[in-house]
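The basis for the numbers below is simple: all heavy atoms, side chains too, and nothing from hydrogens, waters or symmetry mates.
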Amino acid sequence: MDYIGSTLPEGLPYPNQIKEYAQKNHHAFFKEPVGERSTPNLRRVGEDQMDKLVKVHAPAFGSLSPIYGDQVGRGPLRTFFRDNRGTIDHGLGRTDEDTYECAKFNVLRHPRPADSNNPDCTGGEGQVTGLNQAFLNLVNYPNIPGAVMSAPLLPRHDPVVEPTDLKDGHFQTPKAQQPSAFTRVFEMTELCEKLLLEVGHRWGDLSNLSRTCQCVLYAVNKISTRVDLTKSDFLNLDYTDEETAASEAIAIDNGQKTDGMPRSAPAHVVMISNVRGKFFEPEGGEDEPNEFGYPARSKGYYEQVSPARRLTDTYKLLKSVYIRGSQMKILHFHGMPYLDVAVLRRCLRHLPNLEVLGIHNCELLHFGTTIDVLKQVITHNNEPGVKHLRSDFSPYYYTGPDRRSKWYTGEYGVIPSDQGTVETPRAMAAILSTAIPLALDNGIDWFTPGTGMRQFLERIPFELGTVRYILEAIYNIYNFEKGVTKPKYDLGKESQLPSYLREALHDAMRQTLYSDLVLAVHGKSMASRALCNTMSLGTHFYLMKCVYCKTHLPSFFFTKESARRHVDQIECCGCQLHTQLAFHIDNFFQQKQDALFLLFKSPRLPYTSTEAYLYGSRVATEDEINDPSFDFWRLAKNSQGSFEASLKQGPDDSQDALVLDGRPGRNHPDEFKKISLWKESMLEAQGLAEEHIDKAATKIDEEIAKCCRSIRILDDSHVAGLPNYSAVKENRDVADKFVRYADQQRALLGVGQMSGVHGTKVAASWDNRVEKYRQLINEQVGLLWNRGPYNTVCDDKPSGFF
């Protein structure tokens, strides 16, 4: 959500807090105070021998870490993020960097149900109106009537030419006439497809291109084949031309008016996503918003699809790719529920001519799978006979449950619940320290502005203005390790250095690079000694090694508990985050993984290839055919109608050997007893999804109710008084177990979030970031002031912000 400048002539409602940080509160910011950010209160410590050596032998490197002290010489020395980071431009910045970063802290992006959501931080706390109220109403997304878009880049209605034709769900302005040359480029299928091949692998750029005008948006949709996952409509991409032709022939032979199965849609540009259909508005309308203008929970809804039925979409996807994969050039996945790394690997085997791949916000592909997805793309590009694949990946973003729920704890983005174990900014930086070098080694760009991954990272609650510089720090480390910015000693005999100085210079430069990474993640300057301790062992430069991802990082990226383990058991925060994401239970994540596993990995299915899975079969055993609970006709390769037709053409006694509901008996050929492998695995997977997801809500509600009753009984016993301390402790421990179990069940349903032991929280949350941002601005404009701590513990006056 962004403001359009022309609608707010008075300017943006959120001030440039980065500028305020840099000019008035240097200790709370990470950037070096130079130029406009300089201040007389800080002075830089003079250059030493290493600074001079860097200028001579590595001019492209920039400076070493800048260390500042108080002007009066008191207080600890502090290290800042370098302003001079060398001559290499990685293309990670924006022209409007500060405005873009501060806009992310607009309260309307992360509204509060029980407080004012006025985005004007400096103008009081009045109610929102007009455009701001329209933004606030988006909290009920996607259950919003009259939405213009029904899917990513898919307008709900055709363009309107005359203003009198405008209706609910249309754009507010008619489609404007564009210059003829511009229109011709986008309306010619071949040219438009060429443009999509150039920009389609960068989701942010493609979105911005489509937002230029309605002409471009509708042109992109015109050449795209849109697969509707809501209706499981793959537009017959999952049928061969022979199958559609046979269907047409059968329809003609039967004298039907229809032409049989329609031919499949073009498969050059395919977008797979959910498409919202009709919005079912509630009788009597929606409830009124609360006193702060926060909308009531929507009672209207769009058509919902059960998780069990959605498994068929994965089968149809695999079949479509197997049949039409050689024709596909551009393929985008948006919000596909049952798409994981294994399914992606199966699909890529059959896409030799694919040039653009986009994977965005698919539930089973969280941030922890970033490296796995990256490896699949690299493996595909290394296969002989395939076209080079340019890709983009946006991991699944966790918005959390409804903010009006009393079990809502925060919006973390990268994790569904904060269990008090992983500090997410550090963990994400650790994963990126592995992912970025892997991507750069293989010519893959996922991190410059305009990519889906960059958009995802900018939605995560990092410290203000740090995302670009975290990436830049990792890029600089990569360039140094590759020798791009390492010192050069071939400047003549007078410039040769002794080995001990070379080693010291090398370590000083590496320490500077990793200091930049630590400072960018931390979001503010650090005491020089504390920063140095994170990457030193005694007097030597030292990085810890994670035994799982093999990454070398400062101890800043390891928990204390992990750092104290044996060297063969040390685990970085990134691997801890990966583990938490792989085993979290929120919103039936594990059950969905298990169902998808059964769809392809059932031990009873002896297939090894996609062809064997799609078209393989086995002969049902006699016990299975005689078992009434075995749904034979649902699994049979031949339909019951074709079997009965063959019986009429056979001997008169062929019907005497039928079993149960007309199943083939012992005397019938094995050809009629065959069951499809994919149908058998689908039945098992859907049975699991139906039992443990679709029907689980009622059981979970009963479990939560039991827990609440037990907690009330324990609380009443505690209030009434217990005989001794041991009984009190046992009472509270049991109550805590019930509370945590109830929270776990609510998280499983997706209506609540779990927390750490005793409510511990360490993950970065947008709620806390926005509140801090607004408090600092209110303090700067005089709406609040900080009187600081009081000297005595007996002083009962409040302290801090008030």
Side-chain angles (χ1 to χ4, degrees), residues 90-92 94 151-154 192-211 216 220-221 223-227 268-273 317 321 328-336 339-341 343-345 347-348 351 353-381 386-397 413-414 428 431-432 434-460 467-468 471 474-475:
H90 305 292
L92 297 170
R94 300 177 184 271
L153 303 187
L154 179 63
C192 189
E193 186 175 304
K194 289 288 185 183
L195 288 173
L196 287 188
L197 285 173
E198 293 300 320
V199 75
H201 66 291
R202 300 170 61 86
W203 179 246
D205 290 343
L206 180 59
S207 301
N208 289 331
L209 174 66
S210 300
R211 292 196 301 183
V216 175
V220 170
N221 277 282
I223 70 166
S224 303
T225 297
R226 176 74 62 164
V227 172
H268 298 296
V269 182
V270 180
M271 294 208 177
I272 302 176
S273 70
L317 166 66
V321 167
M328 294 182 181
K329 296 181 179 179
I330 301 175
L331 178 61
H332 276 271
F333 297 102
H334 287 273
M336 187 165 186
L339 178 68
D340 67 354
V341 175
V343 174
L344 177 63
R345 179 170 57 249
C347 291
L348 288 176
L351 295 166
N353 299 317
L354 191 68
E355 298 181 51
V356 171
L357 173 67
I359 307 169
H360 307 289
N361 213 39
C362 297
E363 188 173 357
L364 299 185
L365 293 174
H366 46 70
F367 185 74
T369 63
T370 299
I371 296 174
D372 295 326
V373 174
L374 192 57
K375 288 180 178 178
Q376 293 305 316
V377 174
I378 294 170
T379 301
H380 176 81
N381 284 334
V386 302
K387 289 190 176 181
H388 180 75
L389 177 62
R390 292 170 296 163
S391 61
D392 195 10
F393 175 51
S394 303
Y396 188 74
Y397 184 87
V414 69
M428 293 184 69
I431 292 178
L432 291 173
T434 301
I436 290 177
L438 185 61
L440 295 178
D441 280 341
N442 293 275
I444 296 174
D445 176 18
W446 279 5
F447 306 99
T448 55
T451 61
M453 175 61 81
R454 180 63 179 267
Q455 283 190 329
F456 171 81
L457 294 175
E458 287 170 340
R459 293 181 68 189
I460 301 300
V467 174
R468 169 211 173 160
L471 298 175
I474 299 174
Y475 271 62

TODO: For residues Trp203 and Leu153, determine if any side-chain heavy atom of one lies less than 4.5 Å from a side-chain heavy atom of the other.
DONE: yes
TODO: Report the residue from Val270, Leu365, Leu339, Val227 that forms a side-chain contact (heavy atoms from CB on, under 4.5 Å) with Phe333.
DONE: Leu339
Open item on the list: Could you measure the distance from the CD atom of Glu198 to the CG atom of Leu209? Nearest 0.5 Å is fine.
Closed with: 12.0 Å
Open item on the list: Looking at every non-hydrogen atom in both residues, tell me the closest pair between Leu317 and Met336 and how far apart they are.
Closed with: CD2-CE, 3.5 Å
TODO: State, without any angle test, whether Arg226 and Ser273 hold a side-chain donor-acceptor pair at a distance under 3.5 Å.
DONE: yes
Open item on the list: Please give me the minimum heavy-atom distance between Val377 and Ser391, naming the atom from each residue.
Closed with: CG1-OG, 3.6 Å
Open item on the list: If you define the side chain from C-beta out and look only at heavy atoms, does anything of Phe447 sit under 4.5 Å from Ile474?
Closed with: no
Task: Heavy-atom pair of closest approach, residues Leu92 and Arg468 - done: O-CG, 3.5 Å
TODO: Output, in order, the C-alpha distance, side-chain angles, deciding distance and verdict of side chain to side chain contact (heavy atoms under 4.5 Å, CB included) for Leu331 and Leu351.
DONE: CA-CA 10 Å; Leu331 178 61; Leu351 295 166; 4.0 Å; yes
Task: Whether His360 and His332 hold their rings parallel, tilted or perpendicular, with breakpoints at 30° and 60° - done: parallel
TODO: Enter the distance from Asn353:CG to Met328:CE here, rounded to the nearest 0.5 Å.
DONE: 11.5 Å
Task: Euclidean distance, Leu471 CG relative to Thr448 OG1, rounded to 0.5 Å - done: 9.5 Å
- [ ] Quick one: closest heavy-atom pair of Ile460 and Met428, and the distance?
- [x] CG2-SD, 3.6 Å
Open item on the list: Using side-chain heavy atoms (C-beta onward) and a distance below 4.5 Å, is Ser224 in contact with Val269?
Closed with: yes
Open item on the list: Just verifying a value: how many Å separate Gln376 CD and Leu374 CG, rounded to the nearest 0.5 Å?
Closed with: 10.0 Å
Open item on the list: When you compare the side chain of Trp446 with that of Val373, does any pair of heavy atoms fall below 4.5 Å?
Closed with: yes
Task: Leu389 vs Leu348 side-chain heavy atoms within contact, under 4.5 Å - done: yes
Open item on the list: If you compare all heavy atoms of Cys362 against all heavy atoms of Tyr396, which two are closest, and at what distance to 0.1 Å?
Closed with: O-CB, 3.5 Å
TODO: Give a yes-or-no answer on whether the side chains of Thr379 and Arg345 include a donor-acceptor pair shorter than 3.5 Å.
DONE: no
Task: Any donor-acceptor pair under 3.5 Å from Arg202 side chain to Ser207 backbone - done: no
Task: Asp392 side chain to Gly452 backbone, donor-acceptor under 3.5 Å - done: yes
Open item on the list: Donor-acceptor pair, distance only, cut-off 3.5 Å: does the side chain of Asn361 make one with the backbone of Tyr397?
Closed with: yes
Task: Lys375 side chain reached by Leu438 side chain, heavy atoms, under 4.5 Å - done: yes
Open item on the list: Give me the atom names and distance for the closest heavy-atom approach of Ile371 to Ala435.
Closed with: CG1-CB, 4.0 Å
Open item on the list: Between Leu154 and Met271, is there a side-chain heavy-atom distance shorter than 4.5 Å?
Closed with: no
- [ ] For residues Phe367 and Leu457, determine if any side-chain heavy atom of one lies less than 4.5 Å from a side-chain heavy atom of the other.
- [x] yes
Open item on the list: Using the side-chain contact (heavy atoms from CB on, under 4.5 Å) definition, which of the options Asp445, Leu357, Leu197, Ile444 pairs with Arg390?
Closed with: Leu197
Task: Distance in Å, Leu344 CG paired with Phe393 CZ, rounded so as to fall on 0.5 Å steps - done: 9.0 Å
TODO: Determine yes or no for a side-chain-to-main-chain donor-acceptor pair under 3.5 angstrom, with Thr451 supplying the side chain and Arg454 the backbone.
DONE: yes
TODO: First locate atom CG of Leu196, then atom CD1 of Ile223, and finally report the distance between them rounded to the nearest 0.5 Å.
DONE: 4.0 Å
